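Just below is one structure, and these are the notes that go with it.
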Amino acid sequence: MMAHATFTPEGQITESFRLLSGHKIPAVGLGTWRSGSQATHAVFTALVEGGYRHIDTAWEYGDQKEVGEGIKRAMHAGIERRDLFVTSKLWCTELSPERVRPTLQITLQELQLEYLDLYLIHWPFRLSEGASKPPKEGDVFDFDMEGVWREMEKLAKDELVRDIGVCNFTITKLNKLLAVAELIPSVCQIEMHPGWRNDQMLQFCKINGIHVTAYSPLGSQEGGRYLIHDQTVDRIAKKLNKTPGQVLVKWGLQRGTSVIPKSLNPERIKENIKVFDWVIPEQDFQALSSITDQKRVMDSEDIFVNKIEGPLRSVADIWDQED
Ligand code: NDP
């Protein structure tokens, strides 16, 4: 899937990818996890000063009202809703067919929007209301994939969401979904950065026409694998006269994925999207793609694994033993 270059009204070059539905997803979006009350300012800065048109949020982040306020202020400043791409996600406690539509309605209300551009299943497991961390017996369940997906499809047919997709699926789960889907998921959002390339998943999605959005593209921070200080990244950034953040974002774009770095810092927000008028040369791209010690940051053991009671007894169980 090729990226298409265009210009924003401010004359800034920008890129997007074409989804199976025909809609376009802007190549760089602002992540908003752990943004809290500062999300309003971050979103406004990104949209009005940074030239972003893509915002990623989720009900579970607890910041949809703040994100919505930032979008509203940006629209008052002249940005048009039809030029924006807003993503949110259906959380695990709501992962049953009858909860899909009411939960989307809450999300739309919180965001003060009439439709979403993309609605994603956040994780492929259902959690009980008030599930503890780590989960106790009876907190984690399989979910009714076909039933939930039918409801997601109805949201798209009713134009409450323009595209639907999934996060944190494995190849096994995507195959299961593809076998029952009338509407193929447009997007799979999953962790990807040079410290966790996730090549097999990317390949599978490409073959099936599913666009990939790379989350935690900088390796995340708290408890993550912050790649900003990685030696290879730093060396290539210096050589190209770019920042490590820009190199990490660009690496994702050159792999054909959209990328959603999170920042609350106005300078870093603006820096992370200045990635469209240069390329990482092949040799450096290969060096970034050869970083050893591949390890996912977001293994989510604390949310889903109960070693004794199951049903997921290990991180490998979450990921269907595919890693
Ligand atoms: P990122 O990989 O985007 O890293 C964010 C961290 O990097 C922050 O601490 C930020 O600090 C810092 N940072 C940002 N830009 C720069 C820069 N240019 N130079 C140095 N440091 C920088 O982490 P996330 O885990 O937040 O992932 C991004 C987004 O992906 C999330 O916010 C969320 O929207 C989505 N996501 C989705 C998941 C899912 O299950 N679907 C799971 C995880 C994430 P500061 O704010 O101070 O700049």
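Note that the numbering runs from 1 along the sequence shown for the chain. As the structure lists them, so they are numbered: ligands from 1, and atoms in each ligand from 1. Keep in mind that the numbers below use all heavy atoms, side chains included, and drop hydrogens, waters and symmetry copies. Note that the structure is predicted; figures quoted are calculated from it, not measured.
When hydrogens are left out, the protein atom nearest atom 47 (O) of ligand 1 is Arg268 NH2, 2.8 Å; that is the closest non-hydrogen contact. Looking from atom 15 (N) of ligand 1 to the surrounding protein, the closest heavy atom is Asn272 ND2, 3.0 Å. With hydrogens left out, the protein atom closest to atom 23 (O) of ligand 1 is Ser220 CA, 3.3 Å, a heavy atom.
Under the 3.5 Å distance criterion, with hydrogens and angles disregarded, no donor-acceptor pair is assigned to the side chains of Asp56 and Thr32. For Ser289 and Trp251, the side-chain atoms include at least one donor-acceptor pair closer than 3.5 Å.
Ile121 approaches Phe143 most closely through the heavy-atom pair CD1-CE1, 4.2 Å.
Within the 4.0 Å heavy-atom shell around ligand 1 one finds Lys89. Put simply, part of Asn168 is less than 4.0 Å from ligand 1, judged by heavy atoms.
Heavy-atom contacts of Pro217 reach the following atoms of ligand 1: 2 (O), 3 (O), 28 (C) (cutoff under 4.0 Å). Atoms of ligand 1 lying under 4.0 Å from at least one heavy atom of Asp56, given by number and element, are 33 (C), 34 (O), 35 (C). Of all atoms in ligand 1, listed by their number and element, those nearer than 4.0 Å to a heavy atom of Glu271 are 17 (C), 18 (N). Every atom of ligand 1 is numbered from 1 in the order shown, and the set under 4.0 Å from a heavy atom of Leu264 is 45 (P), 46 (O), 48 (O). Atoms of ligand 1 lying under 4.0 Å from any heavy atom of Gln221, numbered from 1 in the order shown and given with element: 8 (C), 9 (O), 11 (O). Here is the list of ligand 1 atoms found below 4.0 Å of a heavy atom in Pro261: 3 (O).
Put simply, the side chain of Tyr61 reaches to within 4.5 Å of the side chain of Lys89, judged on heavy atoms. The shortest distance between side-chain heavy atoms of Pro124 and Asn168 falls below 4.5 Å.
Looking at residues two or more places apart in sequence or on another chain, you find no side chain to side chain contact (heavy atoms under 4.5 Å, CB included) involving Gln283. For Ser96, the side chain to side chain donor-acceptor pair (under 3.5 Å) test picks out Glu98, with sequence neighbours left out.
For atom 42 (C) of ligand 1, the nearest non-hydrogen atom from the set Trp33, Tyr215, Tyr226 comes from Tyr215. Of the candidates His122, Gln189, Lys262, Lys262 brings a heavy atom nearest to atom 26 (O) of ligand 1.
Neither the backbone nor the side chain of Ser35 has a heavy atom within less than 4.0 Å of ligand 1. Contacts with ligand 1 closer than 4.0 Å are made by no heavy atom of Glu191, backbone or side chain.
With Ile228 as reference, Leu248 is the one residue of Val233, Thr243, Leu248 to meet the side chain to side chain contact (heavy atoms under 4.5 Å, CB included) rule.
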Report task. Start with the C-alpha distance between Arg99 and Glu151, add both sets of side-chain angles, then the distance that settles side chain to side chain contact (heavy atoms under 4.5 Å, CB included), and finish with yes or no. Result -> CA-CA 9 Å; Arg99 292 297 306 150; Glu151 292 302 314; over 6 Å; no
